[in-house]
Amino acid sequence: MPSLSVFGAQWGDEGKGKLIDLLSGSEADVVVRYQGGANAGHTVVVGAEKYVLHLIPSGILHPEKLNVIGNGVAVDPFKFLEEVEGLRARGVAVDGTNLRLSANAHVIFEHHRRLDQLSEKWRGEGRIGTTGRGIGPCYADKAARTGLRVGDLLDPEHCRVRLKAALAEKNALFEHVHHEAPLELETQLDRYVALGHRLEPFVGDTGAQVRAAYRAKKRILFEGAQGAMLDIDAGTYPFVTSSNTGTNGISAGASFPPRWIDRAIGIAKAYATRVGEGPFPTELENEIGARIREQGNEYGSTTGRPRRCGWLDAVALRYALEISGADGWVVTNLDVLTGLDTIQAAVGYRAGGREVRDWPGGMADFDALEPVYKSHPGWTEDITRVRRFADLPKSARAYVEWLEHEVGVPIVMLSVGPEREQVIPRGKFLSLAQVMSRGTGA
Ligand code: GDP
Ligand code: IMO
Ligand code: MG
């Protein structure tokens with residue numbers, strides 16, 4: 001059986017957690033995170049219980065499934081252990097048998113979190129609005145080859161040598177550039193070696209484990225974090241995160257051959273949101289945006305910040321789905337649009353006196369993009385209990401069919417509420433299993 005990439009196709013928070021939880025129940029044996037870190041906040045609602053997962057894959061609520069944090073994830077050991085303990089306290093079984101952590105994943109240290117916040121201050125008006133979780137500085141150290149990996153924490157003497165070198169440079173920055181107190185080597189070392197000891201039962205060669213699972217015909221689900229427009233290469237640079245967020249990140253971040261990635265599914269809301277700074281051509285800084293925020297409860301799962309809300313951007317979405325090679329996509333939060341007289345979606349942009357229909361990838365300043373919209377009539381009926389496409393109001397069906405046509409990739413499922421069962425399978429694909437086994441157009 002195949003492997004499936006499930007990724008965010010907008011600016012994050014598309015409902016990946018809900019979909020991954022749903023799919024891991026019926027259509028996966030292994031769920032793998034391959035990039036990002038605890039900047040992610042993936043919400044899973046099960047009855048009256050709500051779980052927000054940051055580092056641990058969203059398959060963890062299903063016993064018997066293997067959950068893997070791959071080498072491409074930036075791991076804050078505090079956050080990892082806090083999440084493990086939080087889940088255990090709520091009765092979820094988590095141990096080294098159902099949760100594995102790559103020895104090659106880079107570690108987020110206190111100095112990374114501090115630098116994340118200090119760099120934001122120095123950026124001033126140009127700040128990114130990061131989650132402050134140390135993601136950027138950790139990945140920067142990975143690329144600069146000054147980082148430490150999870151495996152390094154398990155060898156105290158080796159850890160001392162590496163951390164000493166790393167802290168010497170960081171402390172020079174803290175003291176002489178930022179005018180802050182330095183961090184003390186022994187304190188940091190004691191703390192992180194102790195954390196390493198607690199991580200040990202989870203640590204291993206996850207790449208080898210996932211490849212072996214694939215060879216053994218297990219079903220592998222790759223859980224993307226963030227979204228395509230936050231991708232460090234494909235997104236609205238520099239207002240992005242520091243990793244490759246889609247199918248493009250899997251191979252390096254999970255040590256999994258690209259040719260073994262069989263299918264890809266993008267997730268997008270029926271509108272768009274963005275947290276933090278940066279270009280967002282379809283943003284609605286008006287009553288409609290505020291209404292979407294309230295109706296969709298659009299407040300960050302990680303930082304609690306209000307999300308910026310706007311219309312769906314079909315141009316950016318088409319681009320996002322193409323980069324990750326999507327066979328299909330899922331529309332979430334369709335219910336949030338209920339009650340709007342008119343729904344709009346961007347089908348092009350005006351920039352520099354010209355109209356473009358495709359994402360202007362080479363552009364330096366995406367702020368200059370002015371969307372060209374298409375309008376659709378809205379609906380007023382409550383759709384949260386609808387489970388069949390044919391039972392949706394006519395204009396909701398028309399909006400979805402139009403979206404599918406405009407974006408040019410089949411919509412395989414709709415989501416009409418946060419709970420597991422609030423989904424509507426679409427079209428000729430009765431289930432995602434069919435997408436996985438037959439591909440598109442079958
Ligand atoms: P993720 O980061 O992509 O996993 O998404 P988040 O969990 O950060 O944000 C999605 C939010 O929307 C969460 O609060 C979900 O519970 C909620 N959600 C998911 N699907 C739906 C849906 O179809 N309708 C509504 N109203 N909420 C949804
Ligand atoms: P999930 O997985 C939405 C945003 C931050 C900021 C930028 C860089 O829940 O979809 P970082 O801390 O990564 O250096 O911040 O990226 N961001 C997210 N926005 N959802 C996320 O994750 C995000 N992770 C990072 O707000 O604009
Ligand atoms: Mg989120």
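When a ligand or atom number is given, it counts from 1 through the structure's own listing order.
Looking at Asp391 and Arg388, a side-chain N of the basic residue comes within less than 4.0 Å of a carboxylate O on the acidic one, giving a salt bridge. Checked for salt-bridge contact, Arg307 and Glu298 meet the test: a charged N lies under 4.0 Å from a carboxylate O. Under 4.0 Å is where a charged nitrogen must lie from a carboxylate oxygen, and between Arg219 and Glu27 no such pair does.
Against a heavy-atom cut-off of under 4.0 Å, Ser301 is close to the following atoms of ligand 1: 6 (P), 7 (O), 8 (O). Taking a cut-off of under 4.0 Å to the non-hydrogen atoms of Gly417, the atoms of ligand 1 that pass are 20 (N), 21 (C), 22 (C), 23 (O), 24 (N), 25 (C). Ligand 2 places these atoms under 4.0 Å from at least one heavy atom of Ala40: 1 (P), 2 (O), 9 (O), 22 (O). Within ligand 2, the atoms closer than 4.0 Å to a non-hydrogen atom of Gly129 are 5 (C), 6 (C), 26 (O), 27 (O), numbered from 1 in the order shown.
The ring of Tyr271 has its center no closer than 6.0 angstrom to the ring center of Trp311. For Phe222 and Phe7, the distance between ring centers is not under 6.0 angstrom. Under the 6.0 Å cut-off for aromatic ring centres, Phe366 and Phe280 do not qualify, their centroids lying 6.0 Å or more apart.
Within a 6.0 Å sphere centred on CZ of Arg305, heavy atoms belonging to other residues, nucleotides or ligands number more than 12.
Checked by distance only, ligand 2 and Thr241 come closer than 3.5 Å through their nitrogen or oxygen atoms. Ligand 2 has a nitrogen or oxygen under 3.5 angstrom from a nitrogen or oxygen of Asn39. Checked by distance only, ligand 2 and Thr131 come closer than 3.5 Å through their nitrogen or oxygen atoms. Taking any N or O of Gly15, backbone or side chain, at least one lies under 3.5 Å from an N or O belonging to ligand 1.
Of all the N, O or S atoms in Asp13, the one closest to the Mg ion (ligand 3) is OD1.
Looking at Asp335, Asn333, Val423 and measuring to atom 19 (C) of ligand 1, the nearest heavy atom belongs to Asn333. Comparing Arg307, Glu298, Glu14, His42 by heavy-atom distance to atom 9 (O) of ligand 1, the nearest is Arg307.
In summary, no N, O or S atom of Gly300 is located under 2.8 Å from the Mg ion (ligand 3).
The shell of residues lying under 4.0 angstrom from ligand 2, judged by heavy atoms, includes Lys16. Residue contacts with ligand 2 include Trp11, since one of its heavy atoms falls under 4.0 Å from the ligand.
Residue, atom and distance of the protein heavy atom nearest to atom 26 (O) of ligand 2 are Arg305 NH2, 2.9 Å.
Residue Val52 does not touch ligand 1, judged by heavy-atom distances below 4.0 Å.
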